Amino acid sequence: MLPLFTAEEVLFNKIEANAYLNNTNECIADLNLFVSKRVSNYDPSSHTVTAVRMRNFFNVTSTRSAIVNTVLAFKRVEFVQEGMRWFDLQRYAIPVEHETFSGQVISVAGNDPRRILQIPQSATLAGLEQNSR
């Protein structure tokens, strides 16, 4: 059984929404709540999430951008193997690199048409055109 929403997903969505509403203090409080539950041997003196630490880690000047990047990084780890990252990759047009078994690197840009899910062939019977790929 797979739940429709998890507490972590709702928390991350809340943090991301608050980042765009400029509710920075609430975002940081929620990030620290998450970290306090997920970090083994949590120590507030060394594991506390702050705006300065996020900006420095992601090398950005905007606190909003730092918060969003932090949420995306936490989601990447929290939802590994669940396919949730796809939505973030699409929403933010994040480029992706895949390394093949032979060592070849395949890069897919954020606006690459291969990232668009194709409309089923059967839908063309109803008059829909397939996505150009």
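This one's a predicted model, so the numbers in the text were calculated from it and none came from an experiment.
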Non-hydrogen atoms of Asn22 and Arg64 that approach each other most closely:
OD1-NH2, 3.1 Å

Give a yes or no on whether the backbone of Asn131 and the side-chain of Gln118 come within a donor-acceptor separation of less than 3.5 Å.
yes

Minimum heavy-atom separation for Cys27 and Ala19, please, with both atom names.
SG-N, 3.3 Å

Aromatic plane relationship, Tyr20 with Tyr92 - under 30° parallel, 30 to 60° tilted, over 60° perpendicular
parallel

Test your reading of the model: is there a side-chain donor-acceptor pair from Asn18 to the backbone of Glu26, 3.5 Å cut-off?
no

Hey, does Phe5 have a side-chain heavy atom less than 4.5 Å from the side chain of Glu9?
yes

So does Val105 get a backbone contact from the side chain of Glu99, meaning a donor-acceptor N/O pair under 3.5 Å?
no

I'd like to know if Asp88 and Arg91 make a salt bridge, using a cut-off of under 4.0 Å between side-chain N and carboxylate O.
yes

Can Val71 and Leu31 be said to form a side chain to side chain contact (heavy atoms under 4.5 Å, CB included), step by step?
CA-CA 8 Å; Val71 168; Leu31 286 168; 4.1 Å; yes

Heavy-atom neighbours of Tyr42 OH exceed 12 at 6.0 Å:
yes

Using the rule that Ile, Leu, Val, Met, Phe, Trp and Tyr join whenever any side-chain heavy atoms are under 4.5 Å apart, tell me whether Phe79 and Ile67 fall into a single cluster.
yes

Check for a donor-acceptor pair, side chain of Arg53 on one end and backbone N or O of Thr48 on the other, with a separation under 3.5 Å.
yes

Is there a path of hydrophobic side-chain contacts, each under 4.5 Å between heavy atoms of I, L, V, M, F, W or Y residues, that connects Met84 with Ile15?
yes

Side-chain contact test, heavy atoms from C-beta onward, threshold under 4.5 Å: evaluate it for Arg76 versus Val80 and give yes or no.
no

Let me confirm one number: the OG1-CD distance from Thr70 to Glu16, rounded to the nearest 0.5 Å.
11.5 Å

Transitively linked via ILVMFWY side-chain contacts under 4.5 Å: Phe34 with Val68?
no

For the side chain of Gln90 and the backbone of Arg115, is there at least one donor-acceptor N/O pair under 3.5 Å apart?
yes

Please test Asp30 against Phe12 for side chain to side chain contact (heavy atoms under 4.5 Å, CB included), starting from the C-alpha separation and ending with a verdict.
CA-CA 8 Å; Asp30 286 339; Phe12 289 143; over 6 Å; no

Are Leu11 and Leu72 linked, directly or through other ILVMFWY residues, by side chains that come within less than 4.5 angstrom of each other?
no

Side-chain heavy atoms under 4.5 angstrom apart, residues restricted to Ile, Leu, Val, Met, Phe, Trp, Tyr: same cluster for Met54 and Val39?
yes

So, Thr63 versus Arg55: side-chain donor-acceptor pair below 3.5 Å or not?
yes

Looking at Thr124 and Leu128, would you say the former's side chain and the latter's main chain have a donor-acceptor pair under 3.5 Å?
no

Check: Ser36 side chain, Leu33 main-chain N or O, donor-acceptor pair, under 3.5 Å
yes

Would you say Asn69 and Phe57 make side-chain contact, with heavy atoms under 4.5 Å?
no

Do other residues, nucleotides or ligands put more than 12 heavy atoms under 6.0 Å from the CG atom of Asn59?
no

Checking Lys75 against Glu8 for the salt bridge (charged side-chain N to carboxylate O under 4.0 Å, His left out) test, could you report, in this order, the C-alpha distance in whole Å, the side-chain angles of both residues, the deciding distance, and whether it holds?
CA-CA 9 Å; Lys75 286 172 75 174; Glu8 293 82 6; over 6 Å; no

State whether the side chain of Asp112 and the backbone N or O of Val108 hold a donor-acceptor pair below 3.5 Å, judged by distance alone.
no

